[in-house]
Each structure stands twice: as C-alpha cells, then as structure tokens.
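Remarks on the structure that follows.
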Amino acid sequence: MKWSRALLPTLKDAPADAEIVSHKLMIRGGYIKKTASGIYSIMPIGLRVLQKIAAIIRDEMNKAGAEELLMPILSPAELWTETGRWSLYGKEMMRVNDRADRKFALGPTHEEVITDIVRSEVRSYRDLPKNLYQIQIKFRDEIRPRFGLIRAREFMMKDAYSFDRDEKGAEAVYAAMFKAYENIFTRCGLKFRAVEAESGNIGGSFSHEFMVLASTGEETIIHCEKCGCAANRERSGGKSGFTGNASEAEKPLEKVSTPKMKSIDEVAAFLKKKPSELVKTLICFVDGEPVAVLLKGDDDLNEHKLKRQMDATEVFMADAKSVEKLTSAPVGFAGPAGLKNIKIVADESLKLMKNFVTGANEADTHLQNVNHGRDFKVDAFFDLRFACEGDSCVSCGHTLNSQKGIEVGHTFKLGTKYTEKMKADFLDETGKRQTLIMGCYGIGVSRMMAAAVEQCNDAAGIIWPLEIAPYHAVITAINYQDEAIKVAADKLYGALSAAGIEVLLDDREMSAGFKFKDAELIGIPIRITVGARGLKEDSFEIAVRKTKETIMIKTGEAVAKIKELAAHAG
RNA sequence: CGGGGCGUAGCUCAGGUGGCUAGAGCACUUGCUUUGGGAGCAAGGGGUCGCACGUUCAAGUCGUGUCGCCCCGACCA
C-alpha cells in the first residue's frame, strides 16, 4: 500500500478525551476513530491488526477442533426469558423493539442463542461433542465506557461454546481451549498470564481469565513465582503474615472521644495505634439482609468472597442512610458491640486479635480494648479480605507477588446452568435423556488490540509485535520526488511485496523527520529508509522499531535481510 | 445513577467583567525554496462559538432548559 493512497490520518496531538496510552496512540496513529461514546470505527490499519488477531484465533480454534459459525446480533426476548436473563441482565443489555413491537436484545453474549441452536439440532450422544465459535460484534451498554477499545460498548469478540455429554468430555474441551488460548496469546507476541477467576454474571463452576500484562492494566493478579499458581485479586486467597496478639490478656472496655474521625487512618493516628490494631465494621446487604462485616483495619473487603462464603447472589455496601438507621450513628462510627438485629461475620484475622478498636455506634466515639466473645458475638468467621502482595501462597507458602493486567480472555465451565433451563438434552446409549454440559470461552478481540498497544509502546509510539502489525515493513522514501529515489523505493516495494512481506510505502511529499515520526508512531516493526545518502553507497538503511537497531544493507541484499528479520521478530 | 468538569476551525487551545470584522499553533490549499529526525517564506480556504428559549439596543460572553462528551464512584468482557 502506498501511504499517499491510504486513509491513514496521523495526529501530532492526542484528542483531549483520550486518557490512556493505547487510546491516545490508536487515535493518533489513525487506527480508530470515535463515532460515539464507547463506539468506535476501526480505520483501515486498525482493521488489518484486528484481522490478524482474528486469523490467529481462527487458526488455533480450528486446530483445537472448534467450528466457526455466525449468529445474529439481535436475539429475541423469548430466549432470554427462558434463562431468566431478560430481567437479570439489567440495563447493560440494550433492548430494541421491531416494527411489530416484538422485543429483541442486541447480543451482549450468545449462550441462549447457541443453546437454542444446539438443542434443536443435537439429539443423540452420537452428535457429541460440539464446540462452536464465532467472531462478531457484541454490544454491552456499559455503565461507563472508557479507555477507548479497552472498555467500549461495541466491541469485537470471539465467543466459543462447547457441549458435552459428561464431565470428562467437558473438562477435556476446557483443557483444549485453555491450551488454544495459550497458543493464541503467545503467537500474538504478548506477555500474558492465565489466572483463576470469578465467573461473574455468566455463572458456572470454575473459570480462568487470561491477562495481558501491562503496568496500566485495571486488574490485579496475585501470583506465586514458586508454584506458578495465579489468581485474579478477587479470587486469590493468600494467607497474610499477620500474627496478632491473641495471647494478650483482655483489658477493660473503654470509650474514647474521636471527634470527626471517620477513617481508619484518622482514628489510628489519633489514638497512636497501627491500622492493624483497629477493626473496621462494614454494613452490607447480603441478599437483602443487613450484615455487619468485620475486618482488620488495614484489610479490604472482598465482596466476591463474602458472596461465595455466604452462598448469596447479591452483596452490596449499605448506603449512608441505612448505616445510620442500623447503627444509630453516622457513617464512620459503626462497631460490632451493641449492634442489634444484624448478623455479624468476621474475617479470620480477627481470631488473632485482642483489645482492638472499633466504632461505638455513637457519633464521634470509638471503643478501645474491644474483644469478641466478651463484647459481641461473631456469627461466623470467613476468609473475606483481598489477598495482597506479600501474603503467602496457600498451596506452597511462598511469598506472593502482584502484577497488573488487562483481561482479554475468559474461559468458563458452565455445567448445566443454561442447558437445564433451556431443556437442551440428548439421548444416551441407553435411551436415557441427559442434559448437555456446557462451557464457554471468550476473547475480547478488539480489547486485545488495545491491550497489545498498552503492553508494547514507547515515547515515540506503538511497537507492534510482528505477527499482528498492520504491515511488516514501511519504506520511508526520503524525497520521493527525486527520480533515483522513487525508482529505488518502487523497486524495493515491488520486491518485498513479491516476497510476501506486507509493506507500506511512504511516498508522501513530507520532510524526512516527519515521515520517521509517523512510522514510529504507527509502530511498523521494520523501517527501510531509502534516501540519497544510502543510495550513494548502493545501500538502504534498515531500522528495527523495537530495538532501535539500524543497519546499512546493500540494495541487492535488502529483501533477503528483511525476510530474515521478519522471520526472527516473531 | 450520584458528584465534578468541558462543548469556540480537522486537532490542541485562547477569548469570557456583553460592544462593532471571533483568534493562535498544528493540519489543509497554491506558489517558490527545501529534503536523513515533526522544514522556510509568501498568499489563501475553512466557524450557524453544541442546540433551543430568554434577558438586552447588542450574546461566543449573562440566565434557564436541553443534547453531547470527559473525569471520579458504584458495575463489568
């Protein structure tokens, strides 16, 4: 492609509304253009990247025995009603009515649709297993779209759905998908980590997330270098090194005035204590019931753990009004002692604590030397805190590290969650009706493009891994108006194209510096400079974007060298 | 949905206590010069100042409403 003919608008300044590096660089590099909030047009070179990622995904999915299909973007309300998700999904699912006023959803995911297809076509164990996938636009009306393609409302997704006759089969396909995912991210040239995860809205029994590692990622991964286990911060159950003071004698309860001290840090500083000597009391609603949750002052509540431990479907923090009503004190002064009509659950660390500080359920007042058993009764102890760096690994005891990542893939073992409700079953060898066992496997294709940029960039711009770069090479023709340069550049362009190298020829009437900056901004892995200086020596200059390494090469050897570089860069 | 902010040229942004013809840089067009790190000179084109209503002799500027966009939070691939 000749640059002068491409729609490839680069920008010196990033638009004011771009916040993170991938968003800025993709807009500046002409990869994407915002059409509405959270809705982007993919510009030509952006599409090239997306298609390369998609091609790798297709290849690995096909190799793993999956079969591609394409489902409609609109799905009828009736299917969603069958699983209950028409009402459960909430506003994130965009709903539309057709001319006859029939209700449809803009597909945020396709479990219902695929299950409907499979239940009507699969009747016998002989038809199993099945693993079907599509690469398609999804729409989720996000509460707050942000970060460009990282959290867009409309996005490209690969979603696969497997159907098996038994657990053994389901686990085998899950393992195959896991392996395929590892291959996909590796082939795309990305550093990533697979972690244990919460299954969230989709549901199911277990699940993994695939994180592209990037310091700017929103997700926190807790992992163990020694045994290799890794989990999303929400899921991770590290053991804290907290030893407590359980052997201390119980001291008499004491009321202290703490005017306007609401936060743990304020109270701790005021009482000259460490935050870990305080206990925070959080009022939550667990399936509508108020619950007081106690944690060591420097720990944070992991609501997912609370939800799981209490076998609840919905957990949220109480609003200020409810807190005041339940504790008869303003927010910031809640404590377990004296609480009535409310269940009290505590993190396990409290077992090790004596003579701690809590709120007094009274404005501007805290209690010192509080002890459970004596001053209040804990209904249950659970692991409720967020694991953090420095905790020790539950499986091997080694110290845990944390990393930031961007979630680009998610695999779920769904079991019969959908197939049961939708009566998707088959007859086994004995003629008995059995429910299909399902799994689902997603990759955010467009998010992956953004995550790659987030992982691979420098001050000058994007640094694409070769496998997903829009072009392998760019020929920067300095002064293309000069006949000798034009001839040399055109010849090289033709030779590279013939050799299967995807190459962009910068034939614009721009100054050299401008073209260099543009080439670096859009992130093409290999740049070949064709200019008078090199031609005098019958040479071109080759520059590798990633290493900034430059070499002079005789014009006749350029194609071979570039082919070699392209092969190695991967 | 709660809190905050912003809408002026393709992009970044001035102007804002009302005042006559709305500005700058970058980008764009033409010409000349230039050509190995975001070139120089000259001449140009481009705006219903988000939209509506109101106040006023007069609104980019003040008021009300509305729409859009962004940030923080709750929520999430």
Side-chain angles (χ1 to χ4, degrees), chain A residues 9-20 23-24 27-28 30 33-39 89-93 107-110 137-159 197-202 207 209-212 218-219 232 234 303-304 314-320 406-412 440-448 450-451 460-461 476-482 485 506 508-521 527-536 539-541 543 548 550 552:
Chain A
T10 56
L11 242 35
K12 205 172 192 172
D13 296 308
D17 55 15
E19 194 73 2
I20 62 166
H23 190 192
K24 284 182 186 163
I27 288 180
R28 285 187 52 209
K33 189 167 177 61
K34 185 165 75 181
T35 297
S37 176
I39 297 174
Y89 219 111
K91 286 193 172 176
E92 196 177 309
M93 185 158 77
T109 177
H110 282 77
I137 297 288
K138 294 274 185 278
F139 194 93
R140 297 186 188 172
D141 199 0
E142 285 287 334
I143 291 174
R144 183 144 93 86
R146 61 184 133 172
F147 304 145
L149 291 190
I150 300 274
R151 172 152 310 143
R153 294 196 288 176
E154 190 176 299
F155 59 99
M156 183 80 72
M157 185 172 181
K158 186 284 303 180
D159 45 329
E198 289 291 334
S199 47
N201 215 347
I202 311 265
S207 115
E209 284 171 349
F210 287 78
M211 305 281 199
V212 166
E218 282 188 281
E219 307 285 338
N232 186 318
E234 291 166 359
E303 293 181 30
H304 298 90
E314 187 189 56
V315 167
F316 60 91
M317 301 277 288
D319 55 301
I406 300 163
E407 182 191 348
V408 289
H410 205 153
T411 53
F412 302 87
C440 90
Y441 319 91
I443 291 179
V445 182
S446 48
R447 177 183 279 186
M448 213 167 129
T476 302
I478 289 165
N479 195 7
Y480 188 73
Q481 283 61 48
D482 180 282
I485 290 171
D506 194 346
R508 297 173 299 170
E509 288 185 48
M510 298 281 190
S511 69
F514 194 100
K515 292 187 178 186
F516 289 144
K517 294 282 185 199
D518 257 0
E520 282 156 13
L521 172 63
R527 183 185 76 213
I528 307 106
T529 307
V530 177
R533 197 200 277 173
L535 286 184
K536 233 187 286 174
S539 298
F540 301 133
E541 182 196 75
K548 299 190 171 72
T550 64
M552 293 305 292

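Note that the coordinates shown come from a computational prediction; the quantities given were computed from them, not determined experimentally. Labels below follow one simple rule: chain letters A, B, ... track the order of the sequence lines, proteins then strands, and each chain is numbered from 1.
- Between B/C13 and B/U21, the two P atoms lie 29 Å apart (nearest whole Å).
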Detail all sub-3.5 Å separations between protein N/O atoms and N/O atoms belonging to nucleotides 66-70 of chain B.
residue : atom : partner : partner atom : Å
B/C69   : OP1  : A/S37   : N            : 3.0
B/C69   : O3'  : A/K34   : NZ           : 3.1
B/C70   : OP1  : A/K34   : NZ           : 3.4
B/C70   : OP2  : A/S37   : OG           : 2.8

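- The separation between A/K12 atom NZ and B/G10 atom P is 19 Å, rounded to whole Å.
- Shown here, B/C53 forms a base pair with B/G63; the pair counts as Watson-Crick or G-U wobble because both key distances fall under 3.5 Å.
- Between the CE atom of A/M93 and the C1' atom of B/C75 there is a distance of 16 Å, given to the nearest Å.
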Under 3.5 Å, which N/O atoms of the protein pair with N/O atoms of nucleotides 22-24 of chain B?
none

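- Take the nearest nucleotide of RNA chain B for A/L521 and for A/F147: the residue whose nucleotide is more 5' is A/L521.
- Between B/C11 and B/G7, the distance separating the two C1' atoms is 15 Å to the nearest Å.
- Distance A/R151 CZ to B/C76 P: 10 Å, rounded to the nearest Å.
- As rounded to the nearest Å, B/C67 and B/C26 have C1' atoms that lie 30 Å from one another.
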For nucleotides 29-37 of chain B, give me one character per nucleotide, 5' to 3': B if any protein heavy atom sits under 4.0 Å from the base, S if the only such contacts are to the sugar-phosphate, - if neither. ------BBB

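- A/D13 places its CG atom 10 Å from the P atom of B/A27, with the value rounded to the nearest Å.
- Summarising the geometry, the separation between CZ on A/R508 and C1' on B/A27 is reported as 12 Å, rounded to the nearest angstrom.
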Apply side-chain contact (heavy atoms from CB on, under 4.5 Å) to A/F139 and A/R153, showing your working. CA-CA 6 Å; A/F139 194 93; A/R153 294 196 288 176; 3.9 Å; yes

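- A/R28 places its CZ atom 15 Å from the P atom of B/C11, with the value rounded to the nearest Å.
- When both distances must be under 3.5 Å, the Watson-Crick or G-U wobble mate of B/A42 is B/U30.
- Atom-to-atom, CG of A/L11 to P of B/C28 comes out at 11 Å; the value is rounded to the nearest Å.
- Remark: the separation of the P atoms in B/G25 and B/U66 is 39 Å, to the nearest Å.
- One P atom belongs to B/C76, the other to B/A9, and the distance between them is 39 Å to the nearest Å.
- As judged by a 4.0 angstrom heavy-atom cut-off over every strand, A/I150 is placed among the base-contacting residues.
- Base pairing analysis places B/G25 opposite B/C11; the two distances defining the Watson-Crick or G-U wobble pair are each below 3.5 Å.
- A distance-only check finds a donor-acceptor pair linking the side chain of A/S446 to the backbone of A/M156 [under 3.5 Å].
- Side chain of A/R28 to backbone of A/A14: no donor-acceptor contact under 3.5 angstrom is found.
- The number of heavy atoms from other shown groups lying within 6.0 Å of CD (A/Q481) is above 12.
- Rounded to whole Å, the separation between the P atoms of B/G68 and B/U29 comes to 35 Å.
- Side chains of A/E407 and A/N232 form no contact here, defined as non-hydrogen atoms less than 4.5 Å apart.
- Put simply, the side chain of A/K158 gets close to the backbone of A/Y441: a donor and an acceptor are under 3.5 Å apart.
- From A/I528, atom CD1 reaches atom CG of A/D506 across 12.0 Å, with rounding to the nearest 0.5 Å.
- Looking at A/F516 and A/T529, their side chains come closer than 4.5 Å, going by heavy atoms from C-beta outward.
- One atom, CZ of A/R140, and another, P of B/A77, lie 7 Å apart when rounded to the nearest Å.
- Not one N or O on the side chain of A/R146 forms a donor-acceptor pair closer than 3.5 Å with the backbone of A/R151.
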